[in-house]
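The block underneath contains the structure these notes are about, expressed in C-alpha cells.
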Amino acid sequence: MAKQEMREPIETGCPDPFQYMHPVSRKNFGLWKYHEHPRPGVLRHVAYGGDELWTVRAGTQRILDVFTLRKLCEIGEKFADGYVHFTIRSNIEYLVSDAAKVEPLIKAIEDAGFIVGGTKNSVTMISHTQGWLHCDIPGTDASGVVKSMMDELIDEFRSTNMPNRVHITTSCCQINCGGQGDIAINVQHTKPPKINHDLVANVCERPSVVARCPVAAIRPAMVNGKPSLEVDEKKCICCGACYPPCPPMQINDAEHTKLAIWVGGNHSNARGKPTFQKLVAAGIPNNPPRWPEATAIVKRILKAYKETARDWERVGEWIERIGWPRFFELVELPFTKYHIDNWRGSRKSLNSSSYVRF
Ligand code: SF4
Ligand code: SF4
C-alpha cells in the first residue's frame, strides 16, 4: 500500500494582510515620506516615489448588521477604490488614490447617514466590548452605551478641537476586556454574589469556582443537606469573577450593578512613565437606554480637559500637571471613600489611588 501523505496543518490566525491592502499601500509599504491632515476625518499619505493615498474615516458601531455592512461596502465600491479597513475603534476607513474622489466620497458617506471624522485631536469612536450580544457575563449593554454617548459627542467627533486625541472605552464587566483609554466607563458590582443553592447542587459536583476567587472568599459548604458553596461577604471584593464559570452565583441586578468612570493611565500618557488609570466616579446608575448620568460626567471631564489642558497634553498628563484636587474641582465630582483603594491586597497599588500617597 502506498504511503499516505500527511496533510499540511491548517494554519489559523490572522490572514496575510497584504492581499487586502489598497494597491498603492502595498506598493509603498515602508516607503511613505510623510502624511498630513487636510480636514477632520481625512488623511493624505505621500510616498517617496510621489504616490498619494487619501484616507476618509467614518464612525460606525462595532457590532454591525449585514445591511449596514452592505451599505458601507457599496459606498466603497462606487465612490472609493473598493478597499476599506476598520480601525481598532470601529471606524471604517476608505482609501482612494485620486484626490478628486475625496469630496464625492465624503458626500456619499454623509448622505448615507454616517459621520466623517475621528482623526487627529478629536474624540474618536468609543471602543466597546461585546455586551449582551456575544458574551456570557456582561453587566450592561456595550454598543448601547457607546451609541448614547457618541450621539452627545458627535461635534467632538467631527471636529479636532481637543488638546490631543481622546480615546474612550466601555467595559461591560469588571474583570476582562476593555478599559484602555483616556476615559474608561466600566461596570462596577456593588454587592457579593447571591447563590442559588438548588442549582449548584444540581449542576456541579466539585465547583471549580472556588479556585477562581482572587481573595479566597468562596468555599464549599453543605446547605440544607446538599453540597453547595458559601461566600465570606467580608472578604468578597465584588469583582464578579465567580459569575462567569458559575451561573448559580448571580451578581448582576438592576439596582446594584453600577457604572464607574476611570481616567488617565498608560493609554493616556504620551510622555511619562507607566501609570494606572484612576477611579474618579463610582456608583453611577446603569441606566438604559440613554445612560444620561454617565454621559453627563464624561462630558464634564471632556469640557474641563478642552478648556484647561495645554496643546498636546493627553488627559492623564493634564491631570498630573494640574493635580487631582484641582481635577475634582473642575469636573465637579465629589471625592468619596470609594476613591480609596482599601483592599487588603492593595499595598502595592495604594500609591495609584487618586489621593493617598506615601
Ligand atoms: S468586558 Fe467582560 S462582559 Fe464585556 S465582552 Fe468583555 S469579557 Fe464580556
Ligand atoms: S465576586 Fe469576586 S471576590 Fe466576591 S466571591 Fe466572587 S470571585 Fe470572590
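No experiment lies behind these values; they were computed from the predicted model shown. Both ligands and their constituent atoms are indexed starting at 1 by order of listing.
- In this structure, OG on S90 lies 7.5 Å from CG on L64, to the nearest 0.5 angstrom.
- In the model, D51 has a side-chain atom that pairs as donor or acceptor with a side-chain atom of N28 under 3.5 Å.
- Residue contact check: N176 has heavy atoms under 4.0 Å from atoms 2 (Fe), 7 (S) of ligand 1.
- Atom 4 (Fe) of ligand 1 has an N, O or S atom of C172 inside 2.8 Å of it.
- Atom CZ of R310 is separated from atom CD of E317 by 11.5 Å, given to the nearest 0.5 angstrom.
- For the pair V210/P220, a side-chain contact is recorded, criterion being any heavy-atom separation below 4.5 Å from C-beta on.
- Between the side chains of W318 and E320, no donor N or O sits under 3.5 Å from an acceptor N or O.
- Looking only at protein heavy atoms, the nearest one to atom 6 (Fe) of ligand 1 is C177 SG, 2.1 Å.
- The single protein non-hydrogen atom nearest to atom 5 (S) of ligand 1 is Q130 N, 3.2 Å, given as residue, atom name and distance.
- For the pair I301/F327, a side-chain contact is recorded, criterion being any heavy-atom separation below 4.5 Å from C-beta on.
- Protein heavy atom in closest approach to atom 8 (Fe) of ligand 1: C135 SG, 2.2 Å.
- Applying the 4.0 Å criterion to heavy atoms of C173 picks out, from ligand 1, the atoms 1 (S), 2 (Fe), 3 (S), 4 (Fe), 7 (S).
- Here the two rings, on F29 and F18, have centers that are under 6.0 Å apart.
- Under a 4.0 Å N-O distance rule, the pair D155/R158 qualifies as a salt bridge.
- Atom 1 (S) of ligand 2 has G240 N, 3.3 Å as its closest protein atom, hydrogens excluded (heavy atom only).
- Judged by distance alone, the side chains of T257 and N286 never bring a donor and an acceptor atom under 3.5 Å apart.
- Listed by chain and number, the protein N, O or S atoms at a distance under 2.8 Å from atom 8 (Fe) of ligand 2 are C213 SG.
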